[in-house]
Asks: 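Structure incoming, see below.
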Number of protein chains: 2
Amino acid sequence: MSQPQTQFRSRCSIARTLDVLGDKWTLLVVRDLMWHGKHTFQELQASEEHIAANLLSERLKRLMALGLVAREAYQDRPVRYRYALTEAGRSLEGLLLQIMGWGHAHLGGGLYDPRTGRTVADASPDGPQ
Amino acid sequence: MSQPQTQFRSRCSIARTLDVLGDKWTLLVVRDLMWHGKHTFQELQASEEHIAANLLSERLKRLMALGLVAREAYQDRPVRYRYALTEAGRSLEGLLLQIMGWGHAHLGGGLYDPRTGRTVADASPDGPQ
DNA sequence: ACAACTCACTTTCAAAATTAAAGTGACTAT
DNA sequence: ATAGTCACTTTAATTTTGAAAGTGAGTTGT
């Protein structure tokens, strides 16, 4: 996880986190690895948001370079990989929960409970109140 | 907040939040409005990450459309605006704190204390400043 | 008066990122 | 042999970004 500080825009922790995770896809991959039992390339690609294969490939590489994800071959000939969060990757759970909580409260999205593995139907179709 | 205008990629609250806030700049603008007393276009633009003027302009419009930011004229002739978080915008503080905490712990960024307005020098991966 | 300057943007345009689709390579199943 | 699966990579069009320059309303300095 140690990166030379020159790769970041600034010393601000928020800016640094956004440098690394600030896009529309990375945290969805983390979500699927964290909670939804998706561990192969195919499973990750099949999520309802439909990430393009080249982006998934690139995001997994970045997450691995950051030490947040690791992969292991689950088969040889041909070699196929299973991706999983590392300890550092699992440390993103609080962030994911916070983001989910906000999106539930303000954008009418569902609320997933990691304890039960169930998503609560949201309270309002397209907005808060 | 805003009406049913935005179409989201999915019902997932994380995906929805990323649809709206998932880029490298939006939350930095929120950070500056939330904690750093930056309220004019110029002040926001002068932050150390140096957002381009066109992006700042577009992000402020989006945040206003989402009801997270509101502006008021602080002067006529020429009219000039002061931007501020709405109640809904201020609800992003927990998310910001969580992102900051993670970036501090894992990317060696600083830790800002909203109570004191001070940033603690980091102790983590990249060493002290 | 007139030029210089400030602020809040908008426009321009090249570079980079995203998207959707098709292609590749190693194998397995029929 | 042919078709299919999986994990990608490549390609090409579109969109977003980033940096710089430009604009317009007004103020300040000489």
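Every chain is numbered from 1 and lettered A, B, ... according to where its sequence line falls, protein lines coming before strand lines. Heavy atoms only: backbone and side chains are in, while hydrogens, waters and symmetry mates are out.
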Asks: Does a side-chain N or O of A:K61 approach OP1 or OP2 of D:dT9 to a distance below 4.0 Å, or not?
Replies: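 Answer yes for this pair, as a side-chain N or O of A:K61 is under 4.0 Å from OP1 or OP2.
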Asks: Tell me the interatomic distance from A:L56, atom CG, to D:dT9, atom P, rounded to whole angstroms.
Replies: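 Those two atoms, CG and P, are 10 Å apart.
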Asks: Heavy atoms within less than 4.0 Å of DNA chain D: which residues of residues 70-79 of chain A have one? Give them sorted by number.
Replies: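 Within residues 70-79 of chain A, the residues near DNA chain D are A:R71, A:Y74.
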Asks: Find out whether the Lys NZ or Arg CZ of A:R80 is both under 6.0 angstrom from the six-membered ring centre of A:Y74 and within 45° of the ring's axis.
Replies: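 No, A:R80 does not sit over the ring of A:Y74.
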Asks: Quick check: closest heavy atoms across B:T17 and A:I99, and the distance to 0.1 Å?
Replies: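 What the structure gives for the nearest pair is OG1-O, 3.3 Å.
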Asks: Within less than 4.0 Å of OP1 or OP2 of C:dT10, is there a side-chain N or O belonging to B:S57?
Replies: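 So the side chain of B:S57 is within the cut-off, an N or O lying under 4.0 Å from OP1 or OP2 of C:dT10.
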Asks: A:R82 has an atom CZ; how far is it from atom C1' of D:dC6, in whole Å?
Replies: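 Roughly 16 Å, once rounded to whole Å.
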Asks: For A:R80 and B:L60, find the nucleotide of DNA chain C closest to each by heavy atoms; which residue's nucleotide sits nearer the 5' end?
Replies: B:L60
Asks: Under 6.0 Å from the CZ atom of B:R90, do we count more than 12 heavy atoms belonging to anything else shown?
Replies: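 Yes - once you tally the heavy atoms of other residues, nucleotides and ligands closer than 6.0 Å, there are more than 12.
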Asks: Expressed in angstrom and rounded to an integer, what is the separation of A:Q45 atom CD from C:dA21 atom P?
Replies: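 About 12 Å, once rounded to whole Å.
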Asks: Pick from A:L85, A:T86, A:T26: which one makes a side-chain contact (heavy atoms from CB on, under 4.5 Å) with A:L63?
Replies: A:T26
Asks: Which atom pair, heavy atoms only, marks the closest approach of B:Q45 to B:A53?
Replies: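 Taking B:Q45 first and B:A53 second, the nearest heavy atoms are OE1-CB, 3.6 Å.
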Asks: Figure out the OH/P separation between A:Y81 and C:dG25, and round it to whole Å.
Replies: 17 Å
Asks: To the nearest angstrom, how far is A:I51 atom CD1 from C:dA21 atom C1'?
Replies: 16 Å
Asks: Which pairs, protein N/O on one side and nucleotides 14-21 of chain D N/O on the other, fall under 3.5 Å?
Replies:
from	atom 1	to	atom 2	distance (Å)
D:dT17	OP1	B:R59	NH2	3.0
D:dG18	OP2	B:W25	NE1	3.3
D:dG18	N7	B:N54	ND2	3.2
D:dG18	O6	B:N54	ND2	3.4
D:dA19	N6	B:N54	ND2	2.8

Asks: Hey, are A:K24 and B:D23 close enough for a salt bridge, meaning a charged N less than 4.0 Å from a carboxylate O?
Replies: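 No, A:K24 and B:D23 are not salt-bridged.
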Asks: Taking atom P of C:dT18 as reference, at what distance in whole Å does atom CG of B:L18 sit?
Replies: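 Interatomic distance, CG of B:L18 to P of C:dT18: 13 Å.
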Asks: Which atom pair, heavy atoms only, marks the closest approach of A:L96 to A:R31?
Replies: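 So the two residues come closest at CD2-CA, 3.8 Å.
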Asks: Is there a donor-acceptor contact under 3.5 Å from the side chain of A:E43 to the main chain of A:T40?
Replies: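 Flag set: sc A:E43 to bb A:T40 pair under 3.5 Å.
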Asks: Looking only at heavy atoms, what is the nearest atom pair of A:S10 and A:A15, with distance?
Replies: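 Residues A:S10 and A:A15, closest heavy atoms: OG-CB, 3.4 Å.
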Asks: Quickly work out the B:L44 CG to C:dC9 P distance and round it to whole Å.
Replies: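 Between P of C:dC9 and CG of B:L44: 10 Å.
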Asks: For the pair made of CZ in A:F41 and C1' in C:dA26, what is the distance, rounded to whole Å?
Replies: 16 Å
